[in-house]
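Heads up, the thing below is written out as structure tokens.
What you see below is based on every heavy atom in this structure, not just the backbone, and it leaves out hydrogens, waters and symmetry mates. One-based numbering, in listed order, for ligands and for the atoms of each.
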Amino acid sequence: MADTAATAPAATAFPATGRRVLVSGASRGLGRAVALAFAENGDRVAVHYGSRRADAEATLAALPGDGHALLHADIGSPEGAAELVAAADAALGGIDVLVNNAAVNTPHPPATTSYADWTAAWQQHVAVNLLGTAHLSHGAAQRMIEQGTGGRIVNVGSRGAFRGEPDHPAYGATKAAVHALGQSLAVALAPHGIAVASVAPGFIDTERVGDRLAGAQGAAIRAQSPFGRVAEPAEIAAAVRWLASPEAQWSSGTVLDVNGASYLRT
Ligand SMILES: NC(=O)c1ccc[n+]([C@@H]2O[C@H](COP(=O)([O-])OP(=O)(O)OC[C@H]3O[C@@H](n4cnc5c(N)ncnc54)[C@H](OP(=O)(O)O)[C@@H]3O)[C@@H](O)[C@H]2O)c1
């Protein structure tokens, strides 16, 4: 049997800064905070967006350092995901870190959603959240293997994978699948010095959930955590950045809860 692990780059070989980082869905919210965290670390970032070009330009303009790029793609199609990997590879001259942040989350409560809307919601969630993540991971991993210097893939999952998402069941299911995908890839890619991990955040104060946090549900959502608040995007971005560090190689395969003790898995 081949001793593939012996050929993997050592933990120290993966650089701590100056990496080439692709962040999907960085037009706003958590993706913007993640892009900022890597740029502040001295990395070069490909800021990807789906539909909000002006917001993505604002993310790009906020990044310290040089050599960042702005890239558009619909990652809900296999072609779009492949084009994004190729564009990031070309713009940055390679890919060392992939952060799978882009996702959709639209309500489709089973008791009140028509079958047509139900099937459409499932298809969209699977296409973007699961298949988009899988296809970007495949493309980035192949680049990292060709480069021969290891890599990091960090998935943004969700607490909802464990706690349940009664009004967004396709979201919860696809996030559980993203966690499982990351664990399979962690085993498959370790011989190439590529570590793969996921974060599972609870509520984050992003534009997408701003109405819910400001509305009647807001107090109850904040009370989910014994800290009495929800996460700032920068708190989740810090965990993502650490999982992409050289020191985090031994945490490959983990699903890291970042939910302010609002849900404790056993
Ligand atoms: N906010 C929370 O409370 C919370 C909690 C747990 C986990 N999360 C996770 O954190 C991540 C970011 O959440 P967020 O609140 O920052 O969400 P958001 O503001 O809705 O951002 C989602 C990003 O994904 C991109 N995107 C969606 N569909 C796409 C597609 N088909 N092709 C390309 N890009 C696409 C969007 O691009 P455009 O805007 O340019 O279209 C946007 O940049 C997601 O993975 C989410 O599931 C969030």
Open item on the list: For ligand 1, which is the ligand I care about here, please tell me if Gly50 has any N or O atom under 3.5 Å from one of the ligand's N or O atoms.
Closed with: yes
Open item on the list: Looking at Phe162, I'd like to know if the NZ or CZ of Arg265 sits under 6.0 Å from its six-membered ring centre while staying within 45 degrees of the ring's axis.
Closed with: yes
Open item on the list: Starting from atom 4 (C) of ligand 1, what is the nearest protein heavy atom, named by residue and atom, and what distance separates them?
Closed with: Ile204 CD1, 3.6 Å
Task: Sub-4.0 Å heavy-atom approach of Lys175 to ligand 1 - done: yes
Task: Qualifying ring pair (Phe, Tyr, Trp, His ring centres under 6.0 Å) pairs with a residue from residues 44-81, counting only residues at least two apart or across chains - done: Tyr49-His72
Task: atom 11 (C) of ligand 1 - nearest protein heavy atom and its distance - done: Asn101 OD1, 3.2 Å
- [ ] Look at atom 34 (N) of ligand 1 and find which of Arg52, His48, Arg32 reaches it with the closest heavy atom.
- [x] His48
Task: atom 36 (C) of ligand 1 [closest protein heavy-atom partner, distance rounded to 0.1 Å] - done: Ser27 OG, 4.2 Å
Open item on the list: Salt bridge or not between Arg28 and Asp55? Use side-chain N to carboxylate O under 4.0 Å.
Closed with: no
Open item on the list: For Phe14, does the six-membered ring have the charged nitrogen or CZ of Arg152 within the cation-pi criterion, i.e. under 6.0 angstrom from the centroid and within 45° of the normal?
Closed with: yes
Task: Identity of the nearest option to atom 8 (N) of ligand 1, non-hydrogen atoms only, from Tyr49, Phe203, Tyr171 - done: Tyr171
Open item on the list: Is it the case that ligand 1 has an N or O less than 3.5 angstrom from some N or O of Leu30?
Closed with: yes
TODO: Tell me, please: is Ser24 in heavy-atom contact with ligand 1, that is, under 4.0 Å?
DONE: no
Task: Val104 contact mode with ligand 1 (heavy-atom cut-off under 4.0 Å) - done: side chain
Open item on the list: Can you tell me how far apart CG (Asp167) and CG (Asn105) are? Round to the nearest 0.5 Å.
Closed with: 10.0 Å
Task: Carboxylate-amine/guanidinium contact Glu165 Arg159, below 4.0 Å - done: no
- [ ] Tell me, please: is Glu207 in heavy-atom contact with ligand 1, that is, under 4.0 Å?
- [x] no
Task: Side chain to side chain, Leu98 and Val154, heavy atoms closer than 4.5 Å - done: no
Task: Close N or O approach (Ala102, ligand 1; < 3.5 Å) - done: no
- [ ] Show the numbers, then the answer: is there a ring pair (Phe, Tyr, Trp, His ring centres under 6.0 Å) between His125 and His168?
- [x] CA-CA 10 Å; His125 282 76; His168 310 78; 7.8 Å; no
Task: Any Gly157 heavy atom less than 4.0 Å from ligand 1 - done: yes
TODO: May I ask whether Ile75 has any heavy atom positioned less than 4.0 angstrom from an atom of ligand 1?
DONE: yes
Task: Pro15 vs Pro246 side-chain heavy atoms within contact, under 4.5 Å - done: no
Task: Nearest-neighbour protein heavy atom for atom 10 (O) of ligand 1, which is reported as residue plus atom name and distance - done: Val156 CG1, 3.3 Å
Open item on the list: On a heavy-atom basis, I'd like to know which of Ala103, Ala127, Gly202 is closest to atom 22 (C) of ligand 1.
Closed with: Ala103
Open item on the list: Which residue and atom name correspond to the protein heavy atom nearest atom 20 (O) of ligand 1, and how close is it?
Closed with: Arg208 CD, 3.1 Å
Open item on the list: Checking the N or O distance criterion of under 3.5 Å, is ligand 1 in contact with Asp74?
Closed with: yes
Task: Protein heavy-atom partner closest to atom 29 (C) of ligand 1 - residue, atom, separation in Å - done: Val128 CG1, 4.0 Å
Open item on the list: In this structure, does ligand 1 have an atom that sits under 4.0 Å from one of the heavy atoms of Ala26?
Closed with: yes
TODO: May I ask you to identify the nearest protein heavy atom to atom 21 (O) of ligand 1, giving residue, atom name and distance to one decimal place in Å?
DONE: Arg28 NE, 4.3 Å
- [ ] Give the residue, atom name and distance (to 0.1 Å) of the protein heavy atom nearest atom 41 (O) of ligand 1.
- [x] Ser51 OG, 2.6 Å
